[in-house]
K.L.:
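Take this structure first; my questions come after.
Given the structure is predicted, the values throughout are model-derived calculations rather than measurements. Just so you know, residue 1 is the first one in the sequence shown, and it goes up from there. Both counts, for ligands and for their atoms, begin at 1 and track the order of listing.
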Amino acid sequence: MIKLHDLYFKPFISEQEIDTAVQKMVDSIADDLGDEVPVFVGILNGSFMLVSDFVKKYPKPCEVTFIKLASYEGVKSTEDIQRLIGLTQDLTGRTVVILEDIIDSGKTLEEVHRIFENENVKQLLIATLFYKPEAYDKDFKLHYVGMEIPNKFIVGYGLDYDGLGRDLPDVYQLKTTQHMTNLVLFGPPGAGKGTQANYLKEKYDLIHISTGDVFRFNIKNETALGMLAKSYMDKGELVPDQVTIEMLNKEVEKNAGANGFIFDGFPRTNGQAKALDKLMDSKDSQINAMVALEVDDNVLVKRLLERGKTSGRADDADEKIIRNRIKEYYNKTAILKDYYAAQDKYFGVDGVGSIEDITERLSAVIDKL
Ligand code: IMP
Ligand code: MG
């Protein structure tokens, strides 16, 4: 991943793949033109790298020149194309091949055709390394296309984001979600997970996704996924991971601009952890850390018995039940601890002390991510 100005980009097309595409363009153009000596016209600034690589590969004599147009501001194509340097030589009767780095909306190409309208060239051929078919809304024929790409903003190999990135030999794609901090929060019963989740969500402006809440919401509102989940629960069966993941996906999509998420109550199995990784990957993001509050069993028992006196929760009243719940927690989470530890993403945090102290310790971990 790379950062240019304020935005993050991920690797998209390698130097090697670009080289293959350029070679393919060279071969078909050389084939088609035979012994004709073409004039290759690069469109500056973006095409400088393509033109250089292209003409080095071109097997026969050719001429090279440039025109300089400007259309992009930031990551958006603008309406008016500025003609900064026009044609500086007479191309009457010549075979001209335009070498473009990328064709997006086609506005630049329209301007190119305007430039050549009265030039009386023998033929005007258009060759572009990258082409975004979903963005193109003109009718001009594209004679040679190196690679079709989705309608996403890219940088590298001549292409820039506000001036940066042109020098990169590989091409990178804008990440659809920008830098997020995504946490999986764990803690045995009585560790104060709920309390800490509330503090962290405020402090880091994160969205707290408690799987239990998400289930209850979907079932209460009778969403399609809620009904599906309920049909399993009614039969006394476990809700399949795919259904749960789809619910989480909806939550993540509802909060597309979020700084990140705190996942609470999910994952519980290796399979779920993998599914969550896949979900985050599909959002161009990742789980950054599993943060687990660590509290000694005896302290937990004391806390829960104390809570049981006022909460009226039957499972908080009996020491044996409490110890069992804690044991079960460790049995279940050991696997996940290993899963995240293997990726250097496991962070145990001492959960004994004042609420502020514990928040402080959690923050120390998050700030380093
Ligand atoms: P068009 O006029 O919309 O076809 O855009 C063509 C010009 O916009 C290219 O020559 C580039 O300078 C710029 N451009 C289009 N798409 C991208 C991109 O994804 N990254 C960087 N520049 C782009
Ligand atoms: Mg360009």
Side-chain angles (χ1 to χ4, degrees), residues 1-15 17-18 21-22 25 29 39-55 64-87 96-117 124-178 284:
M1 197 171 66
I2 55 162
K3 187 179 185 202
L4 302 176
H5 299 294
D6 54 330
L7 296 180
Y8 291 87
F9 296 82
K10 58 177 177 175
F12 181 41
I13 304 167
S14 70
E15 191 175 1
E17 290 169 294
I18 296 168
V22 174
M25 290 168 73
I29 294 174
V39 183
F40 291 115
V41 179
I43 314 296
L44 291 174
N45 290 331
S47 74
F48 74 96
M49 229 184 240
L50 167 68
V51 173
S52 167
D53 285 347
F54 184 99
V55 297
V64 187
T65 187
F66 291 93
I67 54 183
K68 180 166 167 128
L69 305 175
S71 70
Y72 249 65
E73 264 171 28
V75 299
K76 291 245 152 48
S77 189
T78 57
E79 267 314 312
D80 52 291
I81 311 290
Q82 289 179 304
R83 206 181 290 186
L84 302 172
I85 301 174
L87 275 177
V96 172
V97 182
I98 300 297
L99 289 181
E100 257 289 29
D101 44 340
I102 190 163
I103 291 181
D104 182 0
S105 68
K107 283 183 214 106
T108 306
L109 186 58
E110 187 172 50
E111 181 66 13
V112 167
H113 277 87
R114 220 173 282 133
I115 290 172
F116 280 90
E117 224 163 37
L124 180 67
L125 299 169
I126 309 299
T128 184
L129 176 58
F130 300 117
Y131 169 48
K132 299 179 184 169
E134 295 153 49
Y136 189 59
D137 62 4
K138 300 285 187 273
D139 292 320
F140 306 109
K141 182 173 165 68
L142 309 182
H143 301 84
Y144 305 96
V145 172
M147 225 181 268
E148 291 193 359
I149 60 167
N151 192 8
K152 297 231 179 96
F153 190 75
I154 59 173
V155 292
Y157 200 72
L159 294 158
D160 72 309
Y161 163 50
D162 270 351
L164 292 182
R166 292 195 198 277
D167 54 320
L168 302 167
D170 306 289
V171 163
Y172 295 76
Q173 188 180 62
L174 182 65
K175 273 164 55 91
T176 46
T177 46
Q178 286 301 304
D284 280 348

K.L.:
Which of the numbered atoms in ligand 1 are below 4.0 angstrom from a heavy atom of Lys107?
P.N.:
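Every atom of ligand 1 under 4.0 Å from some heavy atom of Lys107: 1 (P), 2 (O), 4 (O).
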K.L.:
Among pairs that include at least one residue of residues 133-155, which meet side chain to side chain donor-acceptor pair (under 3.5 Å), considering only residues two or more places apart or in two chains?
P.N.:
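The answer is Asp32-Tyr144.
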K.L.:
Using the test side-chain hydrogen bond (donor to acceptor under 3.5 Å, both in side chains), find all partners of Tyr172 that sit at least two apart in sequence or belong to another chain.
P.N.:
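Residues passing side-chain hydrogen bond (donor to acceptor under 3.5 Å, both in side chains) with Tyr172: none at all.
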K.L.:
Which part of Ile43 is near ligand 1, with near meaning a heavy atom under 4.0 Å away: side chain, backbone, both or neither?
P.N.:
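The answer is neither; Ile43 stays 4.0 Å or more away.
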K.L.:
Which atoms of ligand 1 have any heavy atom of Ile154 under 4.0 Å away?
P.N.:
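This gives 18 (C), 19 (O), 20 (N), 21 (C) as the contact atoms.
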K.L.:
Rounded to the nearest 0.5 Å, what's the gap from CG on Leu99 to CE on Met25? Could you check?
P.N.:
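Here the rounded value is 6.0 Å.
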K.L.:
Give a yes/no on ligand 1: does Leu109 have at least one heavy atom closer than 4.0 angstrom to it?
P.N.:
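Judged by the 4.0 Å heavy-atom criterion, Leu109 does not count as contacting ligand 1.
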K.L.:
If we ignore angles and hydrogens, is there a donor and acceptor under 3.5 Å between the side chains of Asp53 and Tyr157?
P.N.:
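Note: Asp53 and Tyr157 side chains meet the donor-acceptor criterion.
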K.L.:
Give the atom numbers and elements of ligand 1 that come within less than 4.0 Å of a heavy atom of Lys132.
P.N.:
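Those atoms are 16 (N), 17 (C), 18 (C), 19 (O).
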K.L.:
Counting N and O atoms only, with roles assigned by atom type, does the side chain of Lys175 sit under 3.5 Å from a partner on the main chain of Asp284, one being a donor and the other an acceptor?
P.N.:
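Pair found, side chain donor or acceptor close to backbone of Asp284.
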K.L.:
Test your reading of the structure: does Ile103 have an N or O sitting under 3.5 Å from an N or O of ligand 1?
P.N.:
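No, Ile103 has no N/O under 3.5 Å of an N/O on ligand 1.
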K.L.:
Name the option, out of Leu159, Val171, Leu174, that contains the heavy atom nearest to atom 22 (N) of ligand 1.
P.N.:
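Going through Leu159, Val171, Leu174 one by one, Leu159 has the nearest heavy atom to atom 22 (N) of ligand 1.
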